[in-house]
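All chains are named by letter (A, B, ...) in the order of the sequence lines, taking the proteins before the strands, and each is independently numbered beginning at 1. Only heavy atoms go into these numbers, but all of them, side chains included; no hydrogens, no water, no symmetry mates.
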Amino acid sequence: MLKSHGCGELRGEHAGQRVTLAGWVHRRRDHGGLIFIDLRDSTGLVQVVFHPEEAAEATAVASDVRAEFVLQVRGDVVARKAGTENPDLPTGAIELQAGEATVLNASETPPFPINSDTEVGEAVRLRYRYLDLRRERMSENLRLRHRIVKFIRDFMDDRGFLEIETPVLGLATPEGARDYLVPSRVHPGSFYALPQSPQQWKQLLMVAGVDRYFQIARCYRDEDLRGDRQPEFTQLDVEMAFVEEEDVLVLTEDLYASMAREFASERSIPSPFPRITFAEAMERWGSDKPDLRYGMEIADLSNDVRGTEFQVFSRAIEQGGRVRAIAVPGGTDTARREVDRLVDMAKEQGAKGLVWVQFLAAGDGASDRLEGLTEEDVRSPVGRFFTPEQLGELGTACGARRGDMLLIAADRDAVTSKVLDVLRRHVADAQGLASPDEMAFAFITETPMFEFDEDEERWSAVHHLFTAPWEEDLGLLEQDPGSVRSHAYDIICNGQELASGSIRTHRRDVLERVLHTLGIGLEEARLKFGHMLEAFTYGAPPHGGIAPGLDRTVALFAGERDIREVIAFPKTKSATDLVMNAPAPVTAKQLREVHIELDDEAEEALEDRAAPTVERPSEAWGAAE
RNA sequence: GGCCCCGUAGUGUAGCGGCCUAACACGCCACCCUGUCACGGUGGAGAUCGGCGGUUCGAAUCCGCUCGGGGUCGCCA
């Protein structure tokens with residue numbers, strides 16, 4: 001080894017020892033004689049002192065060294081002189097008196113500072129990801145991710161789960177996301193698909209008699225990206241045989257509660273995790289993944305406004321919709337411009353409009369209840385349709401006080417839910433209502449089995465087609481698919497879905513009826529799912545599972561908003577890798593081998609293909625090899 | 001695929017028709033400084049404003065296209 005200790009490991013008790021360290025020059029403080037260097041490696045930082053009188057050669061080396069040079073130093077660990085300790089540093093009680101120093105490698109000045117957490121543009125960070133990962137925040141995220149993965153492996157192992165790898169080269173699936181395809185050289189015209197998840201493999205493992213399976217599995221989806229979506233991401237894939245919904249939920253709660261204790265002991269979690277049905281979540285928050293850290297629940301005002309002459313409300317109700325609202329605390333202070341913005345946001349979500357009512361704050365000491373309101377106490381575009389008392393009653397129904405603002409939407413439930421959910425989250429964000437010290441876990445259960453796809457005019461599976469419908473709803477499968485409940489469930493936290501799973505249909509007859517409802521004919525089913533249908537005829541055990549998103553889970557514990565911050569080498573929004581510059585064209589020979597021909601669009605795109613925007617000084621260097 | 005935002009020295013920002021011969025901070029280079037730890041001091045180098053085209057007497061500033069990054073809706077679980 002080129003070093004005897006990690007830089008960050010040294011403590012007072014090491015004083016007097018002779019050690020060898022190796023690491024990067026984090027920062028250099030040259031006093032024109034005496035030189036201090038903060039040496040950094042994966043374990044942390046330590047201060048190295050170079051005394052010109054005691055180690056002239058080493059000091060000469062130190063004076064030529066620059067940021068990010070790789071340096072090896074041999075010397076004595078000494079307690080710092082009284083008054084020169086640094087309490088901000090774990091190693092601040094001691095320092096290394098350099099005896100010898102060797103430059104193991106020089107470094108160009110990095111494109112952005114490694115030794116400070118200055119904000120740097122995404123593109124530059126991704127282009128030089130290996131340098132970005134050297135920075136404290138990123139290296140801590142990598143470390144946390146490792147600890148979480150290790151924790152999960154130990155946790156699953158303790159409970160008798162077997163980690164089994166499944167193929168990456170598989171079969172394209174007709175349902176769900178777009179597949180990444182891999183052309184076959186040996187079978188001209190045929191393609192593998194990268195797995196969107198190991199869903200079918202893990203169910204086959206259940207048929208194989210593996211009672212308890214898990215895998216830290218990479219999944220691939222060729223869809224447009226977001227801050228919380230990458231083309232390749234990682235799931236903790238879990239499946240169990242001979243279980244019911246309750247068993248999976250209990251395991252999942254145990255896992256997340258344990259992780260929260262281990263990695264976020266300072267944050268509060270609910271115990272037990274609330275169970276909320278899908279229908280209740282939509283009713284109270286308009287979302288299947290509500291942020292439960294704050295209130296502003298949706299109230300149904302339909303009965304209060306049923307007979308109103310304000311047609312926006314009455315007509316919406318006549319047409320089968322409802323009038324629903326949330327009360328924004330302190331919303332009366334909202335500037336007119338911001339209120340207009342809320343109206344625009346509502347329209348973007350498909351609402352025809354948004355009615356708002358502001359209840360002006362009462363004078364000092366007066367009650368803030370919505371009683372005895374006068375014209376002056378209320379501000380609203382629909383003021384002339386309602387008396388102040390009527391508006392006050394609407395407000396009271398929403399739990400509003402004086403000073404608050406009602407946001408009222410009138411439409412089909414699908415629209416009002418979506419609109420009020422977006423507004424609720426927006427307002428909470430703007431007002432900082434969500435406490436960072438809270439992790440509001442909850443399960444969402446009784447998810448509908450199907451939803452109607454308006455575009456394709458057919459039913460599609462909300463979770464996926466192997467999900468088991470409720471036994472008591474089986475009769476509705478053909479007549480009223482929309483009201484069939486399923487044994488699909490999600491675990492959510494702070495407005496994010498962390499995992500979803502289900503009890504599967506292990507019976508072939510039920511699976512065939514589900515396929516029928518989805519409009520997948522027997523012939524097509526045999527072609528795409530024949531292996532599953534077949535496997536289920538050989539004594540498939542009842543089984544079910546769940547698949548937590550690992551990236552989101554780590555991001556949650558790391559306090560990161562964006563899963564890119566917890567992935568070592570993420571891709572940009574356009575699914576490119578800025579480090580390697582992938583994807584890239586391949587040679588004509590490679591294309592011929594896999595029997596692929598480019599169309600005109602592809603040829604044109606290759607001609608216009610932009611040179612890398614960021615200069616690559618190292619390219620000439622690489623080309624010489 | 002639609003809509004929106006951004007693109008100025010190495011990094012982060014300012015400038016938003018002529019005052020820009022492009023400013024500031026950090027970084028970088030040189031010199032000075034023996035106890036600092038975001039060390040300090042003095043001096044200096046460094047961008048023609050992502051690219052292309054247009055408007056204008058005049059463009060970093062306005063317009064169009066394009067490339068790249070990001071957000072959002074669709075898509076995706």
In terms of side-chain heavy atoms of [X], which of [options] is nearest?
X: A/R66; options: B/G74, B/G70, B/A30; result: B/A30
X: A/Q47; options: B/G35, B/G27, B/U11; result: B/G35
X: A/Q196; options: B/G71, B/C33, B/A77; result: B/A77
X: A/V120; options: B/G71, B/C37, B/G12; result: B/G12
X: A/K573; options: B/C29, B/C37, B/G71; result: B/G71
X: A/F36; options: B/G35, B/C73, B/G69; result: B/G35
X: A/T109; options: B/C75, B/C28, B/A77; result: B/C28
X: A/T572; options: B/U36, B/C75, B/G69; result: B/G69
X: A/T84; options: B/G74, B/U36, B/G10; result: B/U36
X: A/T118; options: B/U11, B/A77, B/U36; result: B/U11

Once you round it to whole Å, what is the distance between [atom2] of [N] and [atom1] of [X]?
X: A/E223; N: B/C73; atom1: CD; atom2: C1'; answer: 14 Å
X: A/R229; N: B/G70; atom1: CZ; atom2: C1'; answer: 15 Å
X: A/I35; N: B/G35; atom1: CD1; atom2: C1'; answer: 13 Å
X: A/D222; N: B/A77; atom1: CG; atom2: P; answer: 12 Å

What does [X] touch in the nucleic acid at a heavy-atom separation under 4.0 angstrom: a base, only the sugar-phosphate, or nothing?
X: A/D490; result: nothing
X: A/R221; result: sugar-phosphate
X: A/G549; result: nothing
X: A/H464; result: nothing
X: A/K418; result: sugar-phosphate
X: A/E85; result: base
X: A/S574; result: sugar-phosphate
X: A/S197; result: nothing

G-U wobble or Watson-Crick pairing nucleotide for [N] (cut-off 3.5 Å, both distances):
N: B/C3; answer: B/G71
N: B/C57; answer: B/G18
N: B/A23; answer: B/U13
N: B/A38; answer: none

Handout entry: Whether A/H31 stacks on the six-membered ring of B/U36 base, 5.5 Å and 30° limits
Key =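 Base of B/U36: not stacked against A/H31.
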Practice task
Could you check whether A/F112 and the base of B/U11 form a stacked pair, meaning centres closer than 5.5 Å and planes differing by less than 30°?
Solution key: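 No, the aromatic ring of A/F112 does not stack with the base.
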Any N/O donor-acceptor pair, [X] side-chain to [N] base, under 3.5 Å:
X: A/R27; N: B/C37; result: no
X: A/R80; N: B/U36; result: yes
X: A/R561; N: B/G71; result: no
X: A/N86; N: B/C37; result: yes
X: A/E95; N: B/G35; result: yes

For [X], I'd like to know if atom [atom1] has over 12 heavy atoms of other residues, nucleotides or ligands within 6.0 Å.
X: A/R412; atom1: CZ; value: no
X: A/E57; atom1: CD; value: no
X: A/D599; atom1: CG; value: yes

Problem - Mutual orientation of the aromatic rings belonging to A/W459 and A/F452 [parallel < 30°, tilted 30-60°, perpendicular > 60°] - result: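 Taking A/F452 first and then A/W459, their aromatic rings stand perpendicular (interplane angle over 60°).
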Exercise for the section: Name the orientation class of the two ring planes belonging to A/Y220 and A/Y180 (parallel below 30°, tilted from 30 to 60°, perpendicular beyond 60°). Expected result: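 Geometry flag for A/Y180 against A/Y220: perpendicular rings.
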Practice task
Tell me whether the OP1 or OP2 atom of B/G70 has a side-chain N or O from A/R564 closer than 4.0 Å.
Solution key: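 Answer is yes, contact under 4.0 Å.
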Problem - A/Y128: which of A/V124, A/D132, A/L126 passes side chain to side chain contact (heavy atoms under 4.5 Å, CB included) - result: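 Exactly one option meets the side chain to side chain contact (heavy atoms under 4.5 Å, CB included) with A/Y128, and it is A/V124.
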Problem - Sidechain-backbone polar pair: A/R66 side chain, A/E108 backbone, donor-acceptor under 3.5 Å - result: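 Checking the backbone N and O of A/E108 against the side chain of A/R66, no donor-acceptor pair under 3.5 Å is found.
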